[in-house]
Amino acid sequence: MPELPEVEIRRQYLETSSLHQPINHIEVEDKKLLTTDYATLAQALTGRQFTGTRRTGKNLFVLTDDPAVIVHMHFGMTGDLEYYHSSLDRPRFARIVFEFANGFNLGFLCPRKFERVGLVDDIDAFLLRKKIGPDGLAISLDELTERIRRKKAFIKPVLLDQSVVAGLGNWIVDEVLFQAFIHPEQRADTLTDIQMRQLHQAIYLVLETAIRYEATYRDFPNNFLIHVREWDDSPYDDVEAHKFCPRCQTRIERSVVGGRTTFFCPKEQVIS
DNA sequence: AGCTATGTTAGATC
DNA sequence: TGATCTAACATAGC
């Protein structure tokens, strides 16, 4: 589920599996997944090698031995990477495959086709053009405060806005707001200095924790809200009974904010 | 069978 | 114009 931590895990995975191997061929099942036309992509990458990676928010960039050829990957809601050898092991949904000269393959798994791959020649220019803000792990308290205070919308959709701070998705924003004791519908421009400090700290805590546990939710600390969601695999009425705040045991509320399903503790996350 | 989904964005609306 | 909001996208899984 590719929010910033999952993309960071995929970056590390690609870095340890797929560098310094000449690319023989690129297989693309559905051209709609490409943001660069296939002929251009194939021509630019054939014979090249991946040499390193960069990440900003949910965007992964793969450098090659040609400084002007950089692959951009976005994992949408369900994208993943898998490095494999035999074509018999080709994973399901590997709709884009980078075939290396050594016989190994890097599959870009696109189960729901919300994923995108394309070429970029300048990362900074790309980020500017796409209005991607500072990475959630790198943003300072002052910059976060300045960017949030100029918005009047609810804090939750503001945190989901990649131009404000990059990398936070639906689950993580809920977790961050829970850890910071902030109601998802508090207006962004009304956050106090104390709340901003809590928010900044919570963003770092949640992202760091998720990366440390390799984004495996069930391993997260017990005081994380994420567990409320993880168990939500049976009909809502059935499961509501065990959704309680891990800190105060109040029943967790479920609503829709900014068009997304939202969980929060109605007792501890109040609008001030 | 019908509903929901982790993300992004075009187009509508304020 | 600019900010904000909504719906749609394509598909799998439950």
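Residue numbers begin at 1 in each chain, while the letters A, B, ... track the order of the sequences.
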- prompt: How many Å lie between CG on A:Leu4 and C1' on B:dG7, as a whole number?
  reply: 14 Å
query: Which of these passes ring pair (Phe, Tyr, Trp, His ring centres under 6.0 Å) with A:His183: A:Phe264, A:Phe154, A:Phe178?
result: A:Phe264
- prompt: Side chain of A:Glu3, backbone of A:Gly167: donor and acceptor closer than 3.5 Å?
  reply: no
query: Does A:Thr261 put a side-chain nitrogen or oxygen below 4.0 Å from OP1 or OP2 of B:dA5?
result: yes
Under 3.5 Å: donor-acceptor pair, side chain of A:Thr64, backbone of A:Val69: yes
- line: Within residues 120-128 of chain A, those residues having any heavy atom closer than 4.0 Å to DNA chain C are none
query: Hey, does A:Arg116 have a side-chain heavy atom less than 4.5 Å from the side chain of A:Met73?
result: no
- line: note: A:Trp171, atom CH2; B:dA5, atom P; distance rounded to Å ~ 10 Å
query: How close or far is atom P of B:dA5 from atom CD of A:Glu6, stated in whole angstroms?
result: 16 Å
Donor-acceptor pair between A:Thr56 and A:Asn59 side chains, under 3.5 angstrom: no
message: Given A:Phe108, which partner from the list A:Phe75, A:Phe93, A:Tyr84, A:Tyr83 fulfils the ring pair (Phe, Tyr, Trp, His ring centres under 6.0 Å) test?
response: A:Phe75
task: Pick the C1' atom in B:dT4 and in C:dA7, then give their distance to the nearest Å.
output: 15 Å
- prompt: Would the A:Trp171 and A:Tyr217 ring centres measure less than 6.0 Å apart?
  reply: yes
- request: Start with the C-alpha distance between A:Glu208 and A:Arg212, add both sets of side-chain angles, then the distance that settles salt bridge (Lys or Arg N to Asp or Glu O under 4.0 Å), and finish with yes or no.
  value: CA-CA 6 Å; A:Glu208 272 286 310; A:Arg212 177 151 27 96; 5.3 Å; no
task: Whole angstrom is fine here: how far is it from CZ in A:Phe263 over to P in B:dT4?
output: 12 Å
- request: Look at A:His74 and B:dT8 and indicate whether a side-chain polar atom (N or O) is within less than 4.0 Å of OP1 or OP2.
  value: yes
- prompt: What is the ring orientation for A:His227 with A:Phe220, classed by angle as parallel under 30°, tilted 30 to 60°, or perpendicular over 60°?
  reply: perpendicular
field: Length of the line joining A:Phe75:CZ and B:dA5:P, which is rounded to integer Å
entry: 23 Å
- prompt: In B/S/- notation, 5' to 3', how is nucleotides 6-11 of chain C contacted by protein heavy atoms closer than 4.0 Å?
  reply: ---BBB
- request: Identify, residue by residue, the members of residues 130-152 of chain A with a heavy atom below 4.0 Å from DNA chain C, and return them in order of residue number, or none.
  value: A:Lys151, A:Lys152
Side-chain donor or acceptor of A:Gln179 paired with backbone N/O of A:Asn223 under 3.5 Å: yes
task: Considering only Ile, Leu, Val, Met, Phe, Trp and Tyr, and joining two whenever side-chain heavy atoms are under 4.5 Å apart, list the other residues clustered with A:Ile194.
output: none
query: For A:Asp219, does its backbone N or O pair with a side-chain atom of A:Thr216 as donor and acceptor, under 3.5 Å?
result: no
query: How about A:Leu14 and A:Leu19: do any of their side-chain heavy atoms sit closer than 4.5 Å?
result: yes
- request: Please report the C-alpha distance between A:Glu214 and A:Gln12 in whole Å, then the side-chain angles of each, then the deciding distance to 0.1 Å, and finally whether the side-chain hydrogen bond (donor to acceptor under 3.5 Å, both in side chains) criterion is met.
  value: CA-CA 10 Å; A:Glu214 298 189 334; A:Gln12 294 171 11; over 6 Å; no
Pairwise N/O distances under 3.5 Å, protein to nucleotides 11-14 of chain B:
none

- request: Extract the stems that DNA chain B is part of, considering only consecutive pairing runs of at least three Watson-Crick or G-U wobble pairs, both distances under 3.5 Å.
  value: B:2-5 with C:11-14, B:7-14 with C:2-9
Rounded distance in Å - CG (A:Leu33) to P (B:dT8): 16 Å
field: Parallel, tilted or perpendicular: rings of A:Phe50 and A:Phe98 (30°, 60°)
entry: perpendicular
- prompt: What is the distance, rounded to the nearest whole Å, between atom NZ of A:Lys58 and atom C1' of B:dT8?
  reply: 9 Å
field: Side-chain donor-acceptor contact under 3.5 Å, A:Thr53 with A:Arg11
entry: yes
- prompt: Is any side-chain heavy atom of A:Leu63 closer than 4.5 Å to a side-chain heavy atom of A:Ile123?
  reply: yes
message: Tell me the interatomic distance from A:Met73, atom CE, to B:dT8, atom P, rounded to whole angstroms.
response: 16 Å
message: OP1 or OP2 of B:dT8 versus the side-chain N and O atoms of A:Gln162: is any pair under 4.0 Å?
response: yes
